[in-house]
Amino acid sequence: MMETMTNNMPPIRMLVLTLTGRCNFACRYCYASDVDQVDMAEETAMKAVMMAGKSGERFLLQFSGGEPLLRFPLIRKLVHLVEEHHFDAQMQVQTNGSLLTKDIGRFLYDHNVGIGISCDGRPSVMDRTRLMKDDGSSSQAAARGFRNLAEEGIGTGITCVVTDDMVDELPGIADMAQFYGNVHQVGFDILREQGRGSTLHEPSAEAMTKALEAVYRRMALLEQVTGRHIHFTQEDRAERLDRTGKYEFPQCYAMNGEAAFVDVHGSIYACSSLMGRDKYLLGTVETGRDPDKVREVGDFIKKAMNRCRSCEYFRLCGGGCFSRWLDKDGHVRLSEAECAMKKFFIKKYLEKKGTGLQSGL
């Protein structure tokens with residue numbers, strides 16, 4: 001029985017489909033490495049999209065994995081399903097880039113599916129952090145994907161995972177973003193100490209700030225040389241929060257009861273980083289979300305993240321990421337690296353705006 005709308009059940013505004021647990025990479029920090037190495041049934045994926053679309057509200061639809069492009073034929077079907085039903089879905093795929101052919105890139109672009117590629121910097125860093133299962137070079141594999149998109153005139157964003165053992169090499173991400181020529185945005189994702197990432201650590205606040213200063217200087221220098229401006233995701237976010245005034249954890253769909261992260265078996269969790277934890281299980285695609293569980297999980301996350309509201313940066317930050325604050329033992333503790341990153345980009349945004357922290361808030 002499919003989920004039915006009730007007065008106390010918010011619509012799904014973020015639907016993430018784990019189309020497969022399989023991946024051709026074995027990244028050292030992968031928080032999803034414990035996902036079963038099987039594929040999501042086509043029927044499950046289609047039911048999930050219908051469940052999110054029936055509200056008539058706009059929602060974000062992300063194709064995830066594993067490596068989602070291993071299921072490109074299913075992605076194609078789901079895109080057509082969205083179009084046939086005229087769902088107001090903002091579609092995107094986050095990929096390691098290795099399977100991005102020109103034909104795949106062209107289909108995604110023509111059907112308004114945003115493309116994000118995971119990239120950690122120069123080849124020496126990429127090949128160390130993002131291992132391939134066939135012992136190939138991840139940097140070369142990703143470069144082919146970037147090149148295929150560039151030759152089709154298609155832009156992409158980069159997401160860079162940051163750990164304590166590569167943070168000093170972070171400025172290399174600026175070089176690679178400019179080198180590929182079709183990157184329009186760079187975002188940073190602090191390590192989540194789950195899956196394979198449970199054996200690693202996030203950088204210190206000091207190391208994170210120092211690295212970001214170096215990245216910012218490097219990007220500014222390269223912009224002068226190339227004339228290409230590349231946005232930072234976190235800086236753009238501060239601008240958006242300032243402009244809209246919607247700063248009460250807008251990115252945390254789980255807290256707001258608007259999230260559906262579907263695993264390969266069709267179980268619905270509050271966040272992709274929380275998959276496999278019964279405490280955050282909201283229901284299944286077959287039965288729909290349980291209103292009591294949605295409310296219970298949302299209230300717990302809200303309480304756990306309450307300390308953010310007393311921070312002077314809150315209005316231009318929007319609050320921390322609960323799943324990143326949740327450690328491998330299930331304890332919630334502040335991510336100093338995440339806070340340092342957000343404060344850094346807030347200050348950069350305010351500098352450009354020509355205001356200080358107090359006047360900017």
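- A 6.0 Å sphere centred on NZ of Lys133 holds more than 12 heavy atoms belonging to other residues, nucleotides or ligands.
- Remark: His184 NE2 to Thr156 OG1 distance equals 5.5 Å, nearest 0.5 Å.
- Here the shortest heavy-atom pairing between Gln37 and Cys23 reads OE1-N, 4.3 Å.
- Side-chain atoms of Asp120 never come within 3.5 Å of backbone atoms of Cys160 as a donor-acceptor pair (strictly under, hydrogens ignored).
- Classified by interplanar angle (parallel below 30°, tilted 30° to 60°, perpendicular above 60°), the ring pair His231/His229 is perpendicular.
- Listed for the Thr18 side chain is a donor-acceptor partner under 3.5 Å among the backbone atoms of Val262.
- Residues Met208 and Ile190 meet the side-chain proximity criterion, which asks for heavy atoms closer than 4.5 Å.
- Contact check on Asp242 versus Lys353 returns a salt bridge, with a Lys/Arg side-chain nitrogen under 4.0 Å from an Asp/Glu carboxylate oxygen.
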*side-chain hydrogen bond (donor to acceptor under 3.5 Å, both in side chains) between Gln178 and Thr226, worked out*: CA-CA 8 Å; Gln178 288 286 356; Thr226 65; 3.0 Å; yes

All N/O donor-acceptor pairs, side-chain side in residues 339-346, below 3.5 Å, sequence neighbours left out:
from	atom 1	to	atom 2	distance (Å)
Lys342	NZ	Gly319	O	2.6

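- Using a distance-only test at 3.5 Å, with no hydrogens or angles considered, no donor-acceptor pair links the side chain of Asp175 to the main chain of Gly121.
- In plain terms, the two heavy atoms of Gly320 and Glu338 that are nearest each other are CA-OE1, 3.6 Å.
- In terms of modelled atom types and a separation under 3.5 Å, the side chain of Arg240 and the main chain of Glu235 share no donor-acceptor contact.
- Side-chain atoms of Arg228 come within 3.5 Å of backbone atoms of Val183 as a donor-acceptor pair (strictly under, hydrogens ignored).
- Here the side chain of Glu67 pairs a donor or acceptor atom with the backbone of Leu69 at under 3.5 angstrom.
- Glu351 and Lys347 are not joined by a salt bridge, as no carboxylate oxygen comes within less than 4.0 angstrom of a charged side-chain nitrogen.
- No side-chain donor-acceptor contact under 3.5 Å links Glu202 to the backbone of Ser335.
- Once rounded to the nearest 0.5 Å, the distance linking CD of Gln185 with CD of Gln234 reads 8.5 Å.
- Within the model, atoms CD of Gln194 and SG of Cys30 stand 10.5 Å from one another, a figure rounded to the nearest 0.5 Å.
- Within 6.0 Å of CD on Glu151 lie more than 12 heavy atoms contributed by other residues, nucleotides or ligands.
- Environment of OH in Tyr109: sparse, with no more than 12 heavy atoms of neighbouring residues, nucleotides or ligands closer than 6.0 Å.
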List the atom pairs, with distances to 0.1 Å, where a side-chain N or O of residues 142-149 and a protein N or O form a donor-acceptor pair under 3.5 Å, not counting sequence neighbours.
from	atom 1	to	atom 2	distance (Å)
Asn148	ND2	Leu100	O	2.8
Asn148	ND2	Arg144	O	3.2

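- A single hydrophobic cluster is seen to contain both Val285 and Phe63, as judged by linkage of ILVMFWY side chains at heavy-atom distances under 4.5 Å, directly or through other members.
- Here Phe314 and Phe249 bring their ring centres to under 6.0 angstrom of each other.
- Residue Leu74 comes nearest to Ala45 through the heavy atom pair CD2-CB, 4.1 Å, listed as atom of the first residue, atom of the second, then distance.
- Below 30°, between 30° and 60°, or above 60°: for Phe188 and Phe232 the angle between ring planes is below 30°, a parallel geometry.
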*Should Tyr349 and Arg237 be marked as a side-chain hydrogen bond (donor to acceptor under 3.5 Å, both in side chains) after you check the CA-CA gap, both sets of side-chain angles, and the distance that decides it?*
CA-CA 9 Å; Tyr349 163 67; Arg237 184 161 177 262; over 6 Å; no

*ring-ring contact (aromatic ring centres under 6.0 Å, His included) evaluation trace for Phe107 with Phe72*: CA-CA 10 Å; Phe107 174 86; Phe72 177 68; 5.6 Å; yes

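- Rounding to the nearest 0.5 angstrom, the gap separating the CE atom in Met91 from the CG atom in Leu78 is 9.5 Å.
- A donor-acceptor contact shorter than 3.5 Å links the side chain of Thr129 to the backbone of Val125.
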Could you go through residues 267-280 and list every donor-acceptor pair under 3.5 Å that involves a side-chain atom there, pairing it with any protein atom two or more places apart or in another chain?
from	atom 1	to	atom 2	distance (Å)
Ser272	OG	Tyr31	OH	3.2
Ser273	OG	Arg192	NH1	2.2

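- For residues 255-264, the side chain to side chain donor-acceptor pair (under 3.5 Å) pairs, not counting sequence neighbours, are Arg13-Glu258.
- Residues Ile115 and Ile154 form a side-chain contact, since some pair of their non-hydrogen atoms from C-beta on lies under 4.5 Å apart.
- Under a hydrophobic-cluster definition in which Ile, Leu, Val, Met, Phe, Trp and Tyr are linked whenever side-chain heavy atoms come within less than 4.5 Å, directly or via other members, Met9 and Met255 are assigned to the same cluster.
- Residues Leu61 and Val16 are not in side-chain contact: their nearest non-hydrogen atoms beyond the backbone lie 4.5 Å or more apart.
- Trp325 places a side-chain heavy atom less than 4.5 Å from the side chain of Met305.
- Side-chain contact between Ile12 and Ser55: absent, with no pair of heavy atoms (C-beta onward) separated by less than 4.5 Å.
- Using a 4.0 Å cut-off between a side-chain N of Lys or Arg and a carboxylate O of Asp or Glu, Arg295 and Asp292 qualify as a salt bridge.
- Taking the charged nitrogens against the carboxylate oxygens, Asp165 and Arg28 do have a contact shorter than 4.0 Å, which makes a salt bridge.
- Taking the side chain as every heavy atom from C-beta outward, Ile173 and Met219 never approach each other to under 4.5 Å.
- Other cluster members for Leu222: none, since no ILVMFWY side-chain heavy atom sits under 4.5 Å from it.
- Hydrophobic cluster membership of Val38, counting Ile, Leu, Val, Met, Phe, Trp and Tyr whose side-chain heavy atoms lie under 4.5 Å apart directly or via other members: Val35, Val264.
- Between the side chain of Arg71 and the backbone N or O of Leu19 there is at least one donor-acceptor pair closer than 3.5 Å.
- In terms of heavy-atom proximity, Gly318 sits nearest to Leu241 at N-CD1, 3.6 Å.
- Looking at heavy atoms from C-beta onward, Ser118 lies in side-chain contact with Arg130 at the 4.5 angstrom threshold.
- Within the 4.5 Å cutoff, side-chain heavy atoms of Arg333 are placed close to those of Asp327.
- Looking at every heavy atom in both residues, Ala214 comes nearest to Pro171 through CB-CG, 3.5 Å.
- Between Glu206 and Lys210 no salt bridge is recorded (no basic side-chain N to carboxylate O distance below 4.0 Å).
- In this structure, CZ on Phe25 lies 4.5 Å from OG on Ser98, to the nearest 0.5 angstrom.
- Note on Glu42 versus Lys77: salt bridge recorded, some NZ/NE/NH1/NH2 to OD/OE distance being below 4.0 Å.
- Formation of a donor-acceptor pair under 3.5 Å by the Asp290 side chain with backbone atoms of Gly283 is not found in this model.
- Between the side chains of Glu336 and Ser204, not a single donor N or O lies within less than 3.5 Å of an accepting N or O.
- In this structure, Asn96 CG and Thr159 OG1 are separated by 12.5 Å, a value rounded to the nearest 0.5 Å.
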